[in-house]
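Here is the structure we will look at.
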Amino acid sequence: MTTSSNTFDIAVEPAFDFLAPEYAELFDGSAATAFQHPLWLHSLYTRLASHAGATPLAVVARRRATGALAMVLPLLRVRRGPIRTVEFADLRVSDYLAPVCSPQVFSELLRDADACAEIRHLVRPFDLLRMTKLPDGRLPIESLLDAPRRVAMDSNAYATVLVAPFEQWRASAMDRSYQKELAKKYRQLQKKGALSFSCCDDSASVLNALDVMRKFRGPRFQSQGDGDLLQRPEYYDFYSDVAVRGLGSFVRLYAMKMDGEVIAAVLGLHHRDSFLVIMSAFDIAGYKSQSLGALMFEQVARDCIERGDQMLDFTIGDEPYKKLFGAQPSPMWTVTQAGSTVGAISLFALKQAPWLKLAAKRMSEFRLLPTRSTTPTR
């Protein structure tokens with residue numbers, strides 16, 4: 001039963017400072033993910049929000065007695081055509097979204113009727129409330145916002161548990177025949193020149209690796225939707241800013257080089273005891289038969305184990321290669337709520353989207369069928 005405790009002051013703080021010590025302290029004690037890290041959100045709000053036409057909506061809860069920070073909901077108001085949406089600060093760069101709060105304080109907030117009512121008031125008006133990419137087992141944001149129950153997304157997240165030494169992890173996580181195949185590919189690669197693998201340790205090497213990643217990823221993603229985000233200046237600036245600022249602590253950028261030139265790179269975030277892969281790039285044209293991606297992830301796993309990491313998180317996406325490294329699926333969730341008639345229509349359309357995509361696919365296949373012939377053909 002919900003009761004009012006008058007414990008919290010709730011407000012929208014448009015100029016909230018994600019680099020302030022109070023937020024760092026809150027984040028460290030919270031159940032939030034790497035994608036709510038101070039550096040990540042600071043760069044997202046300052047470098048991406050304006051380009052996307054998004055308005056910051058940082059809903060902040062403070063202890064009434066002391067003013068101490070208790071919770072932050074890092075949200076955005078985004079107009080998508082005629083639809084006014086409220087959503088987590090994501091803008092296509094974050095894989096996991098969550099309130100920045102400890103489980104204990106979150107429970108306190110849920111018991112505070114006045115606090116919940118004020119939070120629900122402050123996020124309005126909207127046509128559509130969309131809370132996607134919610135990790136399994138995290139804080140129930142839908143209860144705080146009085147939104148419908150979460151539903152599973154089409155995609156899962158994948159992570160593999162790391163154990164030391166590396167050889168033990170590889171033997172338990174990877175099929176023996178696949179281990180032999182990668183060992184053979186690695187020997188072949190070594191014969192092509194001076195091969196090296198390292199974690200970038202200065203801003204110059206980070207920016208060089210990011211430039212190479214942009215070059216490799218452009219052709220690879222050109223045919224997929226609107227292409228690769230790294231090709232867009234504002235997104236390249238975002239990733240560069242986070243990578244340089246977080247180097248040595250929050251961010252790792254691994255590079256594989258041949259004769260001093262980068263041929264593969266993996267960008268990821270280090271949070272608590274996990275390394276989360278957020279972007280990779282490989283010289284597929286130059287090394288078609290070498291399985292650069294698989295070799296690169298094997299080396300990343302080795303380095304993570306040597307550093308004492310407990311988890312290699314491949315984040316969202318059902319790509320088959322993840323299971324080859326022993327990664328197990330974890331469901332992802334979404335919460336949606338209509339706030340107007342227009343929003344209700346949009347929500348209905350979103351729910352029909354999988355059916356519409358399937359129908360469109362079948363229609364396109366039908367149009368490609370050959371004209372019937374009176375003579376049977378194979």
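Scope of the values below: all heavy atoms of this structure, side chains included, with no hydrogens, waters or symmetry mates. Numbers here are sequence positions counted from 1.
Using a distance-only test at 3.5 Å, with no hydrogens or angles considered, a donor-acceptor pair links the side chain of Asp112 to the main chain of Thr7. In this structure a side-chain-to-backbone donor-acceptor pair under 3.5 Å is missing from Lys192 to Met258. The closest donor-acceptor contact from the side chain of Lys185 to the backbone of Leu295 lies at 3.5 Å or more, if one exists at all. Under a 3.5 Å cut-off, the side chain of Thr85 and the backbone N or O of Glu87 do not form any donor-acceptor pair. Judged by distance alone, the side chain of Gln231 and the main-chain N or O of Arg214 form a donor-acceptor pair under 3.5 Å. Thr334 places no side-chain N or O within 3.5 Å of a backbone atom of Met153 that could act as its donor or acceptor partner. Side-chain atoms of Asp90 come within 3.5 Å of backbone N or O of Arg92 as a donor-acceptor pair. When atom types are taken as modelled, the side chain of Lys215 and the backbone of Asp283 share no donor-acceptor pair closer than 3.5 angstrom.
Ionic pairing of Glu298 and Arg302 is not present here: no N-O contact between side-chain nitrogen and carboxylate oxygen is shorter than 4.0 angstrom. Checked for salt-bridge contact, Asp114 and Arg64 miss the test: no charged N lies under 4.0 Å from a carboxylate O. Under the 4.0 Å criterion applied to side-chain N and carboxylate O atoms, Glu108 and Arg63 are assigned as salt-bridge partners.
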Derivation of the side chain to side chain contact (heavy atoms under 4.5 Å, CB included) call for Gln188 and Lys191: CA-CA 5 Å; Gln188 293 173 347; Lys191 293 178 181 179; 5.7 Å; no
- request: Begin with the C-alpha distance, continue with both residues' side-chain angles, and end with the deciding distance and a verdict on side chain to side chain contact (heavy atoms under 4.5 Å, CB included) for Met279 and Leu230.
  value: CA-CA 10 Å; Met279 188 176 294; Leu230 268 189; 3.4 Å; yes
- prompt: Step by step, would you call Val266 with Gln299 a side chain to side chain contact (heavy atoms under 4.5 Å, CB included)?
  reply: CA-CA 10 Å; Val266 170; Gln299 293 302 311; over 6 Å; no
query: For Arg80 and Arg130, what are the C-alpha separation, side-chain angles and deciding distance, and is it a side chain to side chain contact (heavy atoms under 4.5 Å, CB included)?
result: CA-CA 12 Å; Arg80 305 187 185 282; Arg130 293 195 69 194; 5.6 Å; no
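Relative orientation of the Phe166 and Trp169 rings is tilted, given thresholds of 30° and 60° on the angle between their planes. Note on ring orientation: taking the six-membered ring where Trp is involved, the planes of Tyr321 and Phe325 are perpendicular (angle over 60°, cut-offs 30° and 60°). Ring orientation note: the planes of Trp40 and Phe238 are nearly perpendicular, at an angle over 60° on the 30°/60° scale. Using the six-membered ring where Trp is involved, Phe27 and His271 have ring planes that are tilted, between 30° and 60° apart. Relative orientation of the Tyr45 and Phe18 rings is parallel, given thresholds of 30° and 60° on the angle between their planes.
Considering all non-hydrogen atoms of both residues, Pro331 and Asn156 come closest at CA-OD1, 3.5 Å. The two residues Ser43 and Asp241 have their closest heavy-atom pair at OG-OD2, 3.0 Å.
From Glu118, atom CD reaches atom CG of Leu109 across 12.5 Å, with rounding to the nearest 0.5 Å. With rounding to the nearest 0.5 angstrom, the OG atom of Ser172 is 9.5 Å from the CG atom of Leu162. Remark: Leu267 CG to Ile278 CD1 distance equals 4.0 Å, nearest 0.5 Å. We find the CZ-CD1 distance between Arg62 and Ile10 to be 10.5 Å, quoted to the nearest 0.5 Å. With rounding to the nearest 0.5 angstrom, the NZ atom of Lys323 is 13.0 Å from the OG1 atom of Thr160. Atom CG of residue Leu57 and atom CG of residue Leu75 lie 5.0 Å apart, to the nearest 0.5 angstrom.
When the side chains of ILVMFWY residues are joined at heavy-atom separations under 4.5 Å, either directly or via intervening members, Val251 and Met213 end up in a single hydrophobic cluster. Cluster membership check: Ile305 shares its hydrophobic cluster with Leu324, using side-chain heavy-atom separations under 4.5 Å among Ile, Leu, Val, Met, Phe, Trp and Tyr. Trp333 and Tyr158 fall into different hydrophobic clusters, where Ile, Leu, Val, Met, Phe, Trp and Tyr side chains are chained together by heavy-atom contacts under 4.5 Å. No continuous path of ILVMFWY side-chain contacts below 4.5 Å connects Ile284 to Leu210, so the two sit in separate hydrophobic clusters. Side-chain heavy atoms closer than 4.5 Å link hydrophobic residues (I, L, V, M, F, W, Y) into clusters, and following such links, even through other members, never connects Phe250 to Phe275.
Between the side chains of Gln36 and Thr33, at least one donor-acceptor pair of N or O atoms lies under 3.5 Å. For the residue pair Tyr236 / Asp211, a side-chain donor-acceptor distance below 3.5 Å is found, with atom types taken as modelled. Side-chain polar atoms of Asp313 and Ser274 form no donor-acceptor pair below 3.5 angstrom.
Here the options are Thr55, Leu91, Val86, Leu48, the test is side chain to side chain contact (heavy atoms under 4.5 Å, CB included), and the partner is Leu76; only Leu91 passes. Screening Leu44, Leu39, Thr46 for a side chain to side chain contact (heavy atoms under 4.5 Å, CB included) involving His42 leaves a single residue, Thr46.
The side-chain heavy atoms of Glu142 and Pro148, taken from C-beta on, include no pair separated by under 4.5 Å. Side-chain contact between Arg307 and His270 is absent, with no heavy-atom pair separated by less than 4.5 Å. Looking only at side-chain heavy atoms (C-beta outward), Ser155 and Met332 stay at 4.5 Å or farther from each other. Here the side chains of Leu144 and Leu73 are in contact, with some heavy-atom distance below 4.5 Å. Between Leu312 and Phe297, the closest side-chain pair of non-hydrogen atoms is not below 4.5 Å. The side-chain heavy atoms of Tyr23 and Phe16, taken from C-beta on, include a pair separated by under 4.5 Å. Put simply, the side chain of Val242 does not reach to within 4.5 Å of the side chain of His37, judged on heavy atoms. Looking only at side-chain heavy atoms (C-beta outward), Gln290 and Ile263 stay at 4.5 Å or farther from each other.
For Lys257, the NZ atom is loosely surrounded, since the number of other residues' heavy atoms within 6.0 Å does not exceed 12. Around the CZ atom of Arg272, the shell of radius 6.0 Å holds more than 12 heavy atoms that belong to other residues, nucleotides or ligands. Other residues, nucleotides and ligands place more than 12 heavy atoms under 6.0 Å from the CD atom of Gln190. Heavy atoms of other residues, nucleotides or ligands lying less than 6.0 angstrom from CD of Glu167 number more than 12.
For Phe216 and Phe282, the gap between ring centers reaches or exceeds 6.0 Å. When ring centroids are compared, Phe197 and Tyr186 stay outside the 6.0 Å threshold.
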